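Below: the structure, in structure tokens.
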2 protein chains.
Amino acid sequence: MALRHAVLAALLDGEYSGYQLAKGFDIGVANFWHALPQQLYAELAKLETEGLVTGREVVQEGRPNKRLFRVTEAGLAEMERFAARAAKPSFIRDDLLVKVQAVDGVAAAPVIEQLTERAQMADAKIELLEKLLVKLRGGADEEEFLRTGERVGPYLTCLRGLAFERESRDWCRRAAALLSERTAAARGRG
Amino acid sequence: MALRHAVLAALLDGEYSGYQLAKGFDIGVANFWHALPQQLYAELAKLETEGLVTGREVVQEGRPNKRLFRVTEAGLAEMERFAARAAKPSFIRDDLLVKVQAVDGVAAAPVIEQLTERAQMADAKIELLEKLLVKLRGGADEEEFLRTGERVGPYLTCLRGLAFERESRDWCRRAAALLSERTAAARGRG
DNA sequence: CCATCATAGTCAACAATCTGAATAGTCAGA
DNA sequence: TCTGACTATTCAGATTGTTGACTATGATGG
């Protein structure tokens, strides 16, 4: 059971449809979990049959109806149990790092390109996360909000996501610059 | 195909057995990939039938024989192709972050405890990685090594792993301290 | 009028990963 | 001599995650 708790955690924020969860970066969980729409729909269906969430149909005009889900008491209890049992250690799992690991044995140019792209994507995500943080703390000072705010969980996970993206961007830029210099130097030597 | 390239990348460093990879994933590729022994043995077998690695039996005394694998030319070519095609974006996927996301709705104490444990584990990994970096650069200065060293790929991935662990540790400590203060403050108010 | 995008959701097939157990020999300590 | 830990590997089965296609409707742009 993996995705289920991420979905439950996302739904603690309020009512969402599968579609909203699939799209929603502003719903926070995207910082530390990723899933395709199909998985989310499937997981929501399973959670509903198990009584951990309930869905209600919302009739819409000008667009298809949707089903909004919220966590039940049983769902919250499940989350409570999940939070209390030991978490397994986490790790980065990233194709790009595999490529960099092998970069001394293969052509560096495409790896440099991918590092640059990744850095740009990180920039975009950083901007999004910074805006999200401002929104979450509602104009208040960060320290103040963290001391006295009501819901600091999503804020803390955003901070983690932001730090990760910043580190990722800086490292990508540094590695790209370095590999470029080395390629240039190698060409210089013939 | 996912694990296969991580294994190939690891084997670019030299000859290893499945067992060594399973253990030393802590040292080598473990910064950005994780796999159980069973997966590694299975993947190595598949890679061998496809001719991307070759294994040779090494007879040992006082312990079971082992099979050491190395990358073939076909394997290197496969790595080359892999490095050249676009990498998918990566993300953190971590149970502990899910728990922190939900911390406003569940008991904070076990989450704080897990954050503290995680910070300690990060400390241990930081120490390991720092030693590994020193070993990799062979006593030379880092800048100098990165400019002129022969194999910078593993060094760069270690740097990324180190940055990740440091960020992780700092965030865990900060989150744990903050949640503790908030719990104390809440008790104070009754 | 047509193409395309956004909303909203579903199905089937497949690949990747994890859980749990088993085998089998060596070595060190109680 | 029994116990447990380390080396070294294998098998079966379940769970998770990915790929690709498909159904609808309404809105937007050319």
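Since the model is a prediction, treat every value here as computed from it, not as a measurement. Residue numbers begin at 1 in each chain, while the letters A, B, ... track the order of the sequences.
- A distance-only check finds no donor-acceptor pair linking the side chain of A:R70 to the backbone of A:R56 [under 3.5 Å].
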* Structure fact -> For nucleotides 19-24 of chain C, 5' to 3', base contacts (B), sugar-phosphate-only contacts (S) and non-contacts (-) with protein non-hydrogen atoms under 4.0 Å give BBB---
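- Aromatic ring pairs are classed by plane angle as parallel below 30°, tilted from 30° to 60° and perpendicular above 60°; the pair B:F91 and A:H34 is tilted.
- Between the CD atom of B:E43 and the C1' atom of C:dC18 there is a distance of 15 Å, given to the nearest Å.
- Taking the side chain of B:Y19 as heavy atoms from C-beta on, and the options D:dC6, D:dT18, D:dT10, the nearest nucleotide is D:dC6.
- A salt bridge between A:E167 and B:R166 is absent, with no side-chain N of the basic residue lying under 4.0 Å from a carboxylate O of the acidic one.
- One interatomic measurement links the two molecules: NZ of A:K66 to P of D:dG26, which rounds to 17 Å at whole-angstrom precision.
- A cation-pi arrangement, defined by a distance under 6.0 Å to the six-membered ring centre and an angle within 45 degrees of its axis, is present between A:R160 and B:F164.
- Across all non-hydrogen atoms, the minimal contact from B:A84 to A:P110 is CA-CB, 3.8 Å.
- With DNA chain D read from its 5' end, the first of the two nearest nucleotides for B:G18 and A:A35 is the one closest to B:G18.
- One atom, CG of A:L44, and another, C1' of C:dG9, lie 11 Å apart when rounded to the nearest Å.
- With hydrogens and angles disregarded, a donor-acceptor distance shorter than 3.5 Å links the side chain of B:Y41 to the backbone of B:Y19.
- A:R63 has no side-chain polar atom (N or O) that falls below the 4.0 Å cut-off from OP1 or OP2 of D:dA24.
- Separating the CG atom in A:N31 from the CD1 atom in B:I92 is a distance of 8.0 Å, to the nearest 0.5 Å.
- The separation between A:K46 atom NZ and D:dG17 atom P is 10 Å, rounded to whole Å.
- The pair A:E78-A:R4 does not meet the salt-bridge criterion, since no charged nitrogen lies less than 4.0 angstrom from a carboxylate oxygen.
- Remark: B:W33 CH2 to A:Q101 CD distance equals 12.5 Å, nearest 0.5 Å.
- Distances were taken from every side-chain heavy atom of A:L3 (C-beta onward) to each of D:dT9, D:dG17, C:dC18; the shortest belongs to D:dG17.
- With rounding to the nearest 0.5 Å, the separation of CE in B:M79 from CG in B:L8 is 6.0 Å.
- With rounding to whole Å, A:L40 atom CG is found 11 Å from C:dG9 atom P.
- Residue A:Y41 places no side-chain N or O under 4.0 Å from the OP1 or OP2 atom of C:dT10.
- The pair A:R173-A:D123 meets the salt-bridge criterion, since a charged nitrogen lies less than 4.0 angstrom from a carboxylate oxygen.
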Distances under 3.5 Å only, N/O to N/O: pair up the protein atoms with those of nucleotides 2-5 of chain C.
none

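- Taking side-chain N and O atoms only, A:Q60 has no distance below 4.0 Å to OP1 or OP2 of C:dT7.
- To the nearest angstrom, P of D:dA8 lies 14 Å from CD of B:E15.
- C:dT7 atom P lies 14 Å from atom CG of A:L21, rounded to whole Å.
- For the OP1/OP2 pair of C:dG9 and a distance below 4.0 Å, the side-chain nitrogens and oxygens of A:S17 include at least one atom meeting the criterion.
- The CZ atom of A:R93 sits 10 Å away from the P atom of D:dG17 (whole-angstrom rounding).
- Just one of A:L47, A:V29, A:L44 meets the side-chain contact (heavy atoms from CB on, under 4.5 Å) condition when paired with A:L11; it is A:L44.
- Using a 4.0 Å cutoff on non-hydrogen atoms, no part of residues 49-59 of chain A comes near DNA chain C.
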